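Quick caveat: nothing in here was measured; it's all calculated off a predicted structure. Naming: A, B, ... by sequence-line order, numbering from 1 per chain.
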Amino acid sequence: MNVEEILTQSVKSVIAQLYGQEVDEKLVQLQNTKKEFEGDLTLVVFPFLKISKKKPEETASEIGDALTKASPIVEKFNVIKGFLNLTIAKNVWVDTFNTILNDKEFGLKKATEDSPLYMVEYSSPNTNKPLHLGHIRNNLLGYSLCRILEANGYKVIKTNIVNDRGIHICKSMLAWQKFGNGETPSSTGKKGDHLVGDYYVKFDKAYKEEIKELMEKGVSEEDAKKQAPIMQEAQAMLKKWEDGDAEVRKLWEEMNGWVYEGFDETYKRLGVAFDKIYYESTTYIDGKNKVNEGLEKGLFYRREDGSVWADLTQNGLDEKLLLRADGTSVYMTQDIGTATQRFNEFDINKMIYVVGNEQNYHFQVLSILLDRLGFSWGKDLVHFSYGMVELPEGKMKSREGTVVDADDLMDEMIQTAKEVSAELGKIDEMTDEEANEIARICGLGALKYFILKVDPRKNMLFNPKESIDFNGNTGPFIQYTHARIRSVLRKAAEQGIQWGEQADTSIQLSETESNLIQYLSSFPNVVKQAGQEYSPALIANYVYELVKQYNSFYHDFSILKESDEAIRGFRLLLSQKIAEVIKSGMGLLGIDVPERM
RNA sequence: GGUCGGGUAGCUCAGCUGGAUAGAGCAACAGCCUUCUAAGCUGUGGGUCAAGGGUUCGAAUCCCUUCUCGAUCACCA
């Protein structure tokens, strides 16, 4: 039990004793005492006024009196209005700290055989263009969420569904056939996903020209879009693909292969990974079968033209198309198919889809459909819905070229990190290799933290002209504190200082130190809450606050120069543990921390 | 128009399961490096928490209305 839990029990029994009534735990509101008041924890007494039938101040004093007598951990108290500020005995904080020290996996739970299995789908790229900043947000959120769920003791399968078929893929393929002259990633030295993306853009350019020409001949815009020869060719190609045309399939496999190589590189650099990858080109068939199965069971209905629909009016929604009149699948069919494959392969307890908020409606429908089809986790599937990344000019649009490319952005961040290091004179004594590695860690740290610290629901703004900061509430700030602590610990070891594994319980802690322990002790709760709310931002904010408090301590107190050995030992242990928590906290965000920088 | 999500300092964001005088960072200004890493620390200024009403001892937080921004409501994926 931590201090807060012990205190909650004490408060309950004291109130029962004073006023002869059991109170619900929820009414015992303990919060950290605000800086401007004396004390560690504050009990809000307003909820007890009905029972005590006395004024707030009086009630608070009574409870405070009784608590100091009843609980050995409460040293003293003061009352301000309805707030009872409790000062916890300093030795309690040392004990708390020693307990934390003993816990090698502090705040992180391990999965057991019986742990629920969570499957998290994220990334979900199309194979016709490279990844951009929007995907970065998706990947970072998805990966971090997996880490957080693992830290909460769940079994987690990280999964990706690749949208590897469809008209958009045919557009790139066709443009490559027409204008490519046999270019390949190895012949051009270009990353495969970028090469394919270039042809997607070329298709669009050619398509627009054709539309323009047709319109000049007097064709309406709507008709021109349909009649444009290149579009008709793309559609013909899609038909061939569906029919299994050997030549088209071969080209498709080759070009997708290029893209996968490119994606793998980007994923690796971003530091994300998957346990299982699904491909739409195989799942859509299962989707069709599943829909037909549902049709036979009378869950869906067929219209006169042959198309298959789900009636969702009883759920307050519309009707939804599941199969076209020609029998081909739509987006929803594919997601049903993917779910089928997953369901057959894994014993899933919870399915989480990390997908942008533009698809809220889609997942609302998917949940109902999966539930109807008998997927146990369908009803409670989680759509981890996040907002768009916007540029100052507005939304990013691939076809208009207003996208921030993932690879470019990472390059820039790492480059900037290197420049910052150089300016600060940090890399003078480093090998090139080490300097590059630190630039990589810090550049990516800045990017990841920038994205993960904000509430996923919100749209966020990214201004490419103002580069992401390296000072203040940023990744490098946190990384720096870690590096600094590690440096102190290295110095201590060099000087032959031994600091043991436990803090001496006889030492007198300062307010700053006990506050640090108090804040440190809340890490497991933050991890738990982040898991319940699916919120990497909570972790980011916690680590930032911890680091800020530590920096202030670091500035005001000597560690190595402290003459009292017991206190010096404690400060070294405290620093060490905080470095560990920084590392595991940042680890939950998928951010590395360097030993020096 | 229906549904969903936003609106907090000049800018980017915390806080939202109701609690004390609404917090950080950036930007601006003023200090702190012969002492453990100054990517740091300390301070100053900056707010009608979109507006109005309600519930409550207490509202940025909950409820209602309005304004506003965005997403979505495809035989695109």
For this session: Please state the C1' separation for the pair B:C13 and B:C49 - nearest whole angstrom.
Result: 14 Å

Exercise. Within less than 4.0 Å of OP1 or OP2 of B:G7, is there a side-chain N or O belonging to A:K458?
Worked result: yes

Exercise. What's the NZ-P distance between A:K35 and B:U42, to the nearest Å?
Worked result: 9 Å

For this session: Identify whether the distance between the nearest side-chain nitrogen and carboxylate oxygen of A:E580 and A:K583 falls below 4.0 Å.
Result: no

Exercise. Contact class for A:T328 vs. all strands (heavy atom < 4.0 Å): base, sugar-phosphate, or nothing?
Worked result: nothing

Exercise. Choosing from B:U17, B:A20, B:A77, which nucleotide comes nearest the side chain of A:Q529?
Worked result: B:U17

Seminar exercise, completed: In whole angstroms, the gap separating C1' of B:C33 from NZ of A:K561 amounts to 13 Å

For this session: Pick base, sugar-phosphate or nothing for A:F557, based on heavy-atom distances below 4.0 Å to the nucleic acid.
Result: base

For this session: Measure the distance from CG on A:D455 to P on B:G15 and round it to the nearest whole Å.
Result: 6 Å

Problem set entry | Distance between C1' atoms of B:U61 and B:A14 (Å, rounded) | 14 Å

For this session: Please determine if a side-chain N or O atom of A:Y480 lies less than 4.0 Å away from the OP1 or OP2 oxygen of B:A39.
Result: yes

Seminar exercise, completed: Comparing nearest nucleotides in RNA chain B, the 5'-proximal residue of the pair A:C442, A:G166 is A:C442

Exercise. For atom C1', what is the distance between B:C73 and B:U66, given to the nearest Å?
Worked result: 24 Å

Exercise. Would you say the base of B:A20 and the side-chain of A:T42 have a donor-acceptor pair closer than 3.5 Å?
Worked result: yes

For this session: Sticking with atom C1', work out how far B:G45 lies from B:G6, rounded to a whole angstrom.
Result: 30 Å

Problem set entry | Identified pairing partner of B:U65, criterion: Watson-Crick or G-U wobble below 3.5 Å | B:A51

Exercise. When the distance from CE of A:M597 to P of B:A39 is rounded to whole Å, what number comes out?
Worked result: 8 Å

Exercise. At under 4.0 Å between heavy atoms, what does A:Y544 touch on the DNA or RNA strands: base, sugar-phosphate, or nothing?
Worked result: sugar-phosphate

Exercise. Any side-chain heavy-atom pair from A:F450 and A:F462 closer than 4.5 angstrom?
Worked result: yes

For this session: For B:C4, take OP1 and OP2 only and decide whether either is under 4.0 Å from a side-chain N or O of A:N360.
Result: no

Exercise. Between B:U37 atom C1' and A:L424 atom CG, what is the distance in whole Å?
Worked result: 11 Å

For this session: Report which part of the nucleic acid A:E429 touches: base, sugar-phosphate, or nothing (heavy-atom distance under 4.0 Å, all strands).
Result: nothing

For this session: Could you check which of B:C75, B:A39, B:A77 has an atom nearest any side-chain atom of A:S421?
Result: B:A39

Exercise. Quick one: A:Y331 OH to B:A77 P, roughly how many Å, whole number?
Worked result: 10 Å

Problem set entry | Donor + acceptor pair across side chains of A:E565, A:W499 (<3.5 Å) | no

Exercise. Considering only the P atoms, how many Å lie between B:A50 and B:C41, rounded to the nearest integer?
Worked result: 30 Å

Exercise. Taking CD from A:Q235 and C1' from B:C75, how many angstroms apart are they, rounded to a whole number?
Worked result: 13 Å

Exercise. Would you say a side-chain N or O of A:K426 is under 4.0 Å from OP1 or OP2 of B:A39?
Worked result: yes

Exercise. Base, sugar-phosphate, or nothing for A:M460, non-hydrogen atoms under 4.0 angstrom?
Worked result: sugar-phosphate

For this session: Would you mind classifying the nucleic acid contact of A:Q29 as base, sugar-phosphate or nothing, using non-hydrogen atoms under 4.0 angstrom?
Result: base

For this session: Sticking with atom P, work out how far B:G54 lies from B:G15, rounded to a whole angstrom.
Result: 29 Å

Exercise. Less than 4.0 Å between a side-chain N and a carboxylate O, is that true for A:D592 and A:R440?
Worked result: yes

Exercise. For A:F477 and B:G40, do the ring centres fall under 5.5 Å apart while the planes stay under 30° apart?
Worked result: no

Problem set entry | Watson-Crick/G-U partner (both atom distances under 3.5 Å) of B:G1 | B:C73

Exercise. Counting only Watson-Crick or G-U wobble pairs whose two distances fall under 3.5 Å, which nucleotide matches B:A39?
Worked result: none

Exercise. Checking A:R303 against A:W309: charged group under 6.0 Å from the ring centre and within 45 degrees of the axis?
Worked result: yes

Problem set entry | Donor-acceptor pair present, A:D326 side chain and B:C75 base, under 3.5 Å | no

For this session: Decide salt bridge (Lys or Arg N to Asp or Glu O under 4.0 Å) for A:E57 and A:K81; before the verdict, give the C-alpha distance in whole Å, the side-chain angles of both, and the deciding distance to 0.1 Å.
Result: CA-CA 5 Å; A:E57 289 85 343; A:K81 292 194 270 182; over 6 Å; no

For this session: With the side chain counted from C-beta on, respond yes when A:N357 and A:N459 share a heavy-atom pair under 4.5 Å apart, and no when they do not.
Result: yes

Exercise. For A:V420, which contact category applies under a 4.0 Å heavy-atom criterion: base, sugar-phosphate, or nothing?
Worked result: base

Exercise. How is A:L461 classified with respect to the nucleic acid when contacts are heavy atoms under 4.0 Å: base, sugar-phosphate, or nothing?
Worked result: sugar-phosphate

Exercise. Would you say A:S552 reaches B:U42's phosphate, i.e. side-chain N/O to OP1/OP2 under 4.0 Å?
Worked result: yes

Problem set entry | Cation-pi check, A:R137 onto A:Y386 ring (under 6.0 Å, within 45° of axis) | no

Exercise. Any N or O donor-acceptor pair linking the side chain of A:K34 to the base of B:U21 at under 3.5 Å?
Worked result: no

Exercise. What is the nucleic acid contact for A:Q479, judged by heavy atoms within less than 4.0 Å: base, sugar-phosphate only, or nothing?
Worked result: nothing

Problem set entry | Pair assignment for B:G19, Watson-Crick or G-U wobble, requiring both distances under 3.5 Å | B:C57

Problem set entry | Below 4.0 Å: OP1/OP2 of B:U72 and any side-chain N or O of A:N357 | no

Seminar exercise, completed: Looking only at B:G19, B:G25, B:G40, the nucleotide nearest the A:R484 side chain is B:G40

For this session: Take A:V454 and A:Q334, find for each the nucleotide of RNA chain B with the closest heavy atom, and name the residue whose nucleotide sits nearer the 5' end.
Result: A:V454

For this session: Sticking with atom C1', work out how far B:C11 lies from B:U34, rounded to a whole angstrom.
Result: 40 Å

For this session: Find the distance A:I478:CD1 to B:A24:C1' and express it as a whole number of Å.
Result: 12 Å

Problem set entry | Side-chain touch A:E221/A:K225, heavy atoms, less than 4.5 angstrom | yes

Exercise. Is B:C67 in the syn range, within 90° of 0, or in the anti range?
Worked result: anti

Exercise. Under 4.0 Å between a side-chain N or O of A:R324 and OP1 or OP2 of B:A77?
Worked result: yes

Exercise. Does A:R571 make a side-chain N or O approach to OP1 or OP2 of B:C36 shorter than 4.0 Å?
Worked result: no

For this session: Decide, applying a 5.5 Å centre-distance limit and a 30° plane-angle limit (both strict), whether A:F83 stacks on B:A20.
Result: yes

Problem set entry | Flag, side chain of A:S367 to backbone of A:F363, donor-acceptor distance under 3.5 Å | no

For this session: Spell out yes or no: do the side chain of A:T474 and the base of B:A39 have one donor N/O and one acceptor N/O closer than 3.5 Å?
Result: no

For this session: Go through the N and O atoms of the side chain of A:N85 and the base of B:A20, and report whether any donor-acceptor pair is under 3.5 Å.
Result: yes

For this session: Take atom P in B:A24 and the same atom in B:U42, then report the distance between them in whole Å.
Result: 10 Å

